Amino acid sequence: MIRFAAAAATLALASFAAAPAALAQSGKVTVVTSFSKDVTDPIKAAFEKANPGISLDVQNRNTNAGVKYLDETRSNPQADLFWASAPDAFEVLKSKQLLQKFTPAAEGIPEKIGAYPINDPEGYYFGFAASGYGIMWNTRYVGANELPEPKEWNDLAAAPYYDHVAIASPARSGTTHLTIETILQGEGWDKGWQTIKDMAGNFQTITERSFGVPEAVNSGQVGYGIVIDFFAFSAQGSGFPVKFVYPTVTTVVPANVGIVANAPNAANAQKFVNFLLSPAGQEVLLEPSIRRLPVNPAVYAKAPEGYPNPFTDPRFKSMTMFDVDKSGQRTAVVDTLFDQLISFQLNDLKAVTKSIHEVEAKLAAKDNPQARALIKEARALIGAMPVNEEQASSKEVLAAFSGGKEKGARQAEIEQQWAGFAKEHYAKAKAKVAEAAKLAN
């Protein structure tokens, strides 16, 4: 009898000890994501309804911060899933062995969208939606200020757009980094940076987070925003007076989800991935607050009229083929170049850009070849880069920017050189424009 009681007590203790682990597996799944609540809340509600007893714990971090968090907690993982738009971030996680393989129970999803693979061929992450990059604008703002509707990136560099354009910092927004990379890959390094800096001269603001741009456009604080497509589509679905265009040089790539290596709730993480890729999960993407492009072609039969379909729309067939490896390798370099040449020099860049617009307006009324030549020289000075593409991807430069959170002496030295380069060239451009202004008067 005593032995039986002891055995029962041991079994009870064992059951009690196992209870927290069982509860963790059955009751929770934690996701680190860069998506806003407008996206995550409807998907969370649909997933929890389809999986009674499981709650989705959403932890919002920007893409770069999310990657760092998973790396810092790798010895004791706290998250089960990583969920974001930037495919190069998933390549980084994969290379660091921070994701685990899985074979989703998904049907009807093709291998590619355009020429781009939807899933990681090795099974470490999975596309659940497609995303493209372009320009959104507030039609009331544009109408009230008698401004044009853009079609191409270069349109945003024209005089009427001065102080009317917003963008997020690519160093803080994975989707903006992808937009910058798309322009660089589609137009080439030198021409691409010229386009980016010509647009930047017209920026009103550079926001800290990607969703700060559509919020500013929706509210009419700014006229135009450089955004990922679903920000505009969801704004339209919510009734905001906005339009969106895909420029010729753009791309559509999958937004992804991956299961964290040694996830504490791996079984529930698998259920979430399966739900996202199921017809029910894909249909949630059509909701007005989300409006992303599903990766299951059959779901578009339930889409509202005029909804973009990357599987049938001819615009998507000619888009830039995005090199995710190149983007991932030089992310820190490209983002730092943007900061040192644009974000931290924005006032000087805007000042010289405004002067160029003013002189060009005078030259349109009364041409002066000498003045026009000076303006051309000024624009070349603005577009000049402290490093070419080969140098930016050199072992020396990449090594200098591989230190993670701690900035090394060599990185600081390079950043100072790039900042000095920008200041010097913008000052020279300003002098050229001043000379041109005298000739144009």
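Count residues from 1 along the sequence. Computed from a predicted model, the values in this text were never measured in an experiment.
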Side-chain (S289) to main-chain (D38) donor-acceptor, under 3.5 angstrom: yes
Nearest-0.5 Å distance that lies between atom CD1 in I196 and atom CG in L341: 10.0 Å
Chi angles and distances behind the side chain to side chain donor-acceptor pair (under 3.5 Å) call for E187, T195: CA-CA 9 Å; E187 296 191 352; T195 296; 2.7 Å; yes
Atom NZ of K243 with >12 non-hydrogen neighbours under 6.0 angstrom: no
Flag, side chain of S238 to backbone of F240, donor-acceptor distance under 3.5 Å: no
Side chains of P148 and Y161 in contact at under 4.5 Å (non-hydrogen atoms): yes
P104 side chain near N274 side chain, heavy-atom distance below 4.5 Å: yes
For the student: nearest non-hydrogen atoms of A130 and I113, plus distance: CB-CD1, 3.3 Å
Point-to-point distance, once rounded to the nearest 0.5 Å, from CD1 of I226 to OG of S210: 13.0 Å
Step-by-step side chain to side chain contact (heavy atoms under 4.5 Å, CB included) determination, H177 to D88: CA-CA 10 Å; H177 168 77; D88 49 357; 3.3 Å; yes
Other residues, nucleotides, ligands: >12 heavy atoms within 6.0 Å of Q416 CD: no
Test item: Q59 side-chain N/O and D57 main-chain N/O as donor-acceptor pair under 3.5 Å: no
Nearest non-hydrogen partners of I135 and E152, listed with the distance: CD1-O, 3.7 Å
Contacts of T205 that satisfy side-chain hydrogen bond (donor to acceptor under 3.5 Å, both in side chains) - sequence neighbours left out: none
K44/E48 salt bridge by N-O under 4.0 Å criterion: yes
Any donor-acceptor pair under 3.5 Å from N51 side chain to I54 backbone: no
Near-ring test F401/W418, centroid separation under 6.0 angstrom: yes
For T40 against W83, the heavy-atom pair lying closest together: CG2-CZ3, 3.7 Å
Value rounded to 0.5 Å, distance of OG1 in T331 from CD1 in I180: 12.5 Å
Test item: N202 side-chain N/O and M199 main-chain N/O as donor-acceptor pair under 3.5 Å: no
Taking every non-hydrogen atom, the tightest pair across K197 and A384: NZ-O, 2.7 Å
With sequence neighbours excluded, residues passing side-chain hydrogen bond (donor to acceptor under 3.5 Å, both in side chains) with T336: none
Quiz item: cation-pi between K350 and F203, 6.0 Å / 45°: no
Donor-acceptor under 3.5 Å (R74 side chain, K96 main chain): yes
From CG (L56) to NZ (K28), nearest 0.5 Å: 10.5 Å
Pairwise side-chain contact, T182 with F322, heavy-atom cut-off 4.5 Å (strictly under): yes
Spatial distance of atom CG (D190) from atom CG (L184) [nearest 0.5 Å]: 10.0 Å
Note, S173 side chain near T63 side chain (heavy atom, < 4.5 Å): no
D229 side-chain N/O to S131 backbone N/O, donor-acceptor pair under 3.5 Å: no
Donor-acceptor pair between Q204 and Y224 side chains, under 3.5 angstrom: no
Per-pair distances, 0.1 Å, donor-acceptor, side chain in residues 295-305, under 3.5 Å, sequence neighbours excluded:
| from | atom 1 | to | atom 2 | distance (Å) |
| --- | --- | --- | --- | --- |
| N296 | OD1 | A298 | N | 3.0 |
| Y300 | OH | P294 | O | 2.8 |
| K302 | NZ | E283 | OE2 | 3.0 |

Aromatic ring proximity, centroids under 6.0 angstrom, F90 and Y124: no
Side-chain heavy atoms of F82 within contact of N256, under 4.5 Å: no
Closest non-hydrogen atom pair between F275 and I43, with its separation: CE2-O, 4.2 Å
R410 atom CZ: more than 12 heavy-atom contacts under 6.0 Å: yes
Test side chain to side chain contact (heavy atoms under 4.5 Å, CB included) applied to T251 and L178, step by step: CA-CA 9 Å; T251 192; L178 293 178; over 6 Å; no
F128 vs I109 side-chain heavy atoms within contact, under 4.5 Å: no
Main-chain N/O of R209 paired with N62 side-chain donor or acceptor, under 3.5 Å: no
Neighbour count >12 (heavy atoms, 6.0 Å) for atom NZ, K326: yes
N388 and Q391, any side-chain heavy atoms less than 4.5 Å apart: yes
Validation row: V242, N218 side chains within 4.5 angstrom (heavy atoms): yes
Flag for S85-R292: side-chain donor and acceptor within less than 3.5 Å: yes
Carboxylate-amine/guanidinium contact D155 K151, below 4.0 Å: no
R61 to Y69, cation-pi by 6.0 Å centre distance and 45° axis angle: yes
Name of the residue among Y246, F311, Y116 meeting ring pair (Phe, Tyr, Trp, His ring centres under 6.0 Å) with F316: Y246
Taking every non-hydrogen atom, the tightest pair across V217 and G225: CG2-N, 3.7 Å
Residues D198 and Q194: side-chain donor-acceptor under 3.5 angstrom: yes
Geometric class of the F421/H425 ring pair [parallel <30°, tilted 30-60°, perpendicular >60°]: parallel
Whether N268 side chain and V29 backbone form a donor-acceptor pair below 3.5 Å: no
Working for side chain to side chain contact (heavy atoms under 4.5 Å, CB included), residues L293 and Y307: CA-CA 9 Å; L293 307 179; Y307 203 89; 3.9 Å; yes
Backbone N/O of A399 and side chain of S402: donor-acceptor pair under 3.5 Å: yes
Sub-6.0 Å ring centroid separation between H164 and Y141: yes
Criterion side chain to side chain contact (heavy atoms under 4.5 Å, CB included) on L337 and V387, from CA distance to verdict: CA-CA 9 Å; L337 278 167; V387 286; 4.1 Å; yes
Euclidean distance, E424 CD relative to L381 CG, rounded to 0.5 Å: 9.5 Å
